[in-house]
Amino acid sequence: MTLDVAWAVDWVRASAATVVEHRDELVELDRQIGDGDHGENLKRGFTAVLAKLDALEAPPATIGDVLKLVATTLMSTVGGAAGPLYGTAYLRAAKACGSSSVDSAGVVALLEAGLEGIVARGKATTGEKTMVDAWSPAAEAAAKASADGAQPAQVLEAAAVAAAAGAEATVPLVATKGRASYLGERSAGHLDPGARSSQLILEAAVAAADRAA
Amino acid sequence: MTGTVDDVREPAAVALVLVSHSRELAAGAAELAGQMAPGVLIVAAGGMADGGLGTDYEHIEQAIERAASDGRSVVVLTDLGSAVLTTEAVLEAVAPELAQRVRLADAPFVEGGVAAAVTAHGGAGLDEVAASAEHAAASFGPGASAAVGAPEVAPGEATDDGVVRASRTLLNPLGLHARPAAVVARMLAGYDATVAVNGVNAASVLELMKLGATQGAQLQIEASGTQAREAVAALTDAIDAGFGEI
Ligand SMILES: [Mg+2]
């Protein structure tokens, strides 16, 4: 089976819903080790994405079109580092998904392109208490699931589970990238807000895939 | 539009874009740098469209396009994290022809902006303007070189080594602050001469300001080059006139 444009749109809407729902939690996480704006920034960004989606006269032709709309909107409305990071992730993912549907391998390509975008933009690697700590295990788990013959929804689920574990594993880490790095050792003991929001967004992809089934 | 893209006066060959999370910070830095380089186009790109803190892709893109119009090159200075990331994202997406005329300087926002503005005002090219911004941290830091006095010699007299030396007392009540420092740097750009004041490069506003010379300070001038004598004469006249401030 494959996931289509309707899934992509549903994923984006579900992402917006979960980001809005977890706004306060993300703000609190970012307050602990950053500037406290992550929840509000993502809420503003995804709210703008919804407005753009609603204003479309015709549904997007490809999954890439959906992801590109998300990319350009987040870049101009999020405001914090999450704007260019997620923006580049969605942009690279869009380039990897120029068709109207994706199979399991396509889902892996999407996630790997997203990870690549975040790494290229943020120049971070795993273990630095960033979004990469959620996305990297997610892409790896997705690739493994796909190789094992899993359907797209199960590939996404493997990715989301790995992202959750990766986010949780940022707690003891000391940040060396981004605003949290100014705290040095004091950044340890807190969940990274970017890793947490990455997990939420990947979980939204799973929920949308389950609804598409 | 957001109304936060403010340009300052007429353009030199290299323009600046100042990207900050804060509209006020970008505008203030542009004002400060522009004061010392009235011929340089300085575009402030600060804050979000609603005036809040953050960096806005479209806003930065427009600022860069505006700065680069009429064939100018552009040096971009940024404050914290997302200002850098968003600018990099913009430069990755714009036409290659434009991107190659733009440098993102790894430089302190305020000091780098001032240094870049003054260097651009002196007619320097893209690489030199970017380099001046990136070296601004070193010339402002606590470890920056201490002033070294030269022996006092009659004004404008060339010594055996071909160096023209002069000594003057600074008359300005406020010392050698930004404005007179900029006057010196701009004035000397017109001469084929290398001039040092108390051991620092007099063509650099930052170096001059860093001297911290207050009223009554002795300024030891040393110049070399084909127009050393003329440069020293102009400089001593300007010092004696208190840079028009007394
Ligand atoms: Mg933040």
Side-chain angles (χ1 to χ4, degrees), chain A residues 30 33-45 47-49 51-52 68-92 94-95 116-124 128 130-132 175-183 193-194, chain B residues 1-5 17-27 43-66 76-96 98-99 102 104-106 108-109 137:
Chain A
D30 196 26
I33 58 168
D35 50 5
D37 61 2
H38 192 58
E40 183 58 30
N41 284 351
L42 283 189
K43 180 184 172 187
R44 181 174 53 241
T47 302
V49 170
K52 286 251 176 91
K68 188 165 180 211
L69 178 146
V70 177
T72 54
T73 308
L74 290 185
M75 286 224 208
S76 281
T77 55
V78 167
L85 288 168
Y86 275 123
T88 308
Y90 280 101
L91 203 58
R92 299 278 173 100
K95 284 184 185 155
E116 196 190 290
I118 292 165
V119 169
R121 182 62 59 228
K123 299 171 188 78
E128 295 188 310
T130 71
M131 294 162 67
V132 175
T176 54
K177 283 282 190 311
R179 199 77 71 98
S181 65
Y182 296 132
L183 291 177
Chain B
M1 248 327 289
T2 60
T4 59
V5 176
V17 171
L18 305 184
V19 179
S20 169
H21 283 62
S22 156
R23 178 182 291 191
E24 286 78 12
L25 185 55
V43 184
M48 302 292 289
D50 63 4
L53 292 175
T55 50
D56 175 341
Y57 182 98
E58 277 175 43
H59 191 180
I60 296 168
E61 183 182 43
Q62 285 164 2
I64 289 172
E65 282 171 354
R66 181 160 179 182
V76 183
L77 288 114
T78 53
D79 64 357
L80 303 169
S82 79
V84 180
L85 300 189
T86 307
T87 302
E88 285 174 346
V90 169
L91 294 180
E92 212 171 271
V94 297
L98 173 57
V102 181
L104 174 54
D106 181 10
F109 189 62

Inter-residue atom distance A:I33.CD1 - A:L183.CG, 0.5 Å rounding: 7.5 Å

For the backbone of B:F109 and the side chain of B:D79, can you confirm whether one donor and one acceptor N or O come within less than 3.5 Å of each other? no

Interface check, chain A: of B:G54, B:G81, B:A89, most non-hydrogen pairs under 4.5 Å belong to B:A89

Given that the side chain runs from C-beta out, which part of B:L85 has a heavy atom under 4.5 Å from chain A: side chain, backbone, both or neither? both

Between A:L91 and chain B, which part of the residue has a heavy atom less than 4.5 Å away: side chain, backbone, both or neither? neither

Please check if the side chain of A:S76 supplies one atom and the backbone of B:E58 the other of a donor-acceptor pair under 3.5 Å. yes

Okay, B:E92 and chain A: the region with an atom under 4.5 Å from a heavy atom over there is side chain

B:S82 side chain vs A:G79 backbone, donor-acceptor pair below 3.5 Å: yes

Under a 4.0 Å N-O cut-off, is there an ion pair linking B:E88 with A:K123? yes

Heavy-atom proximity to chain B below 4.5 Å, by part of A:T77: backbone

Given that the side chain runs from C-beta out, which part of A:R179 has a heavy atom under 4.5 Å from chain B: side chain, backbone, both or neither? side chain

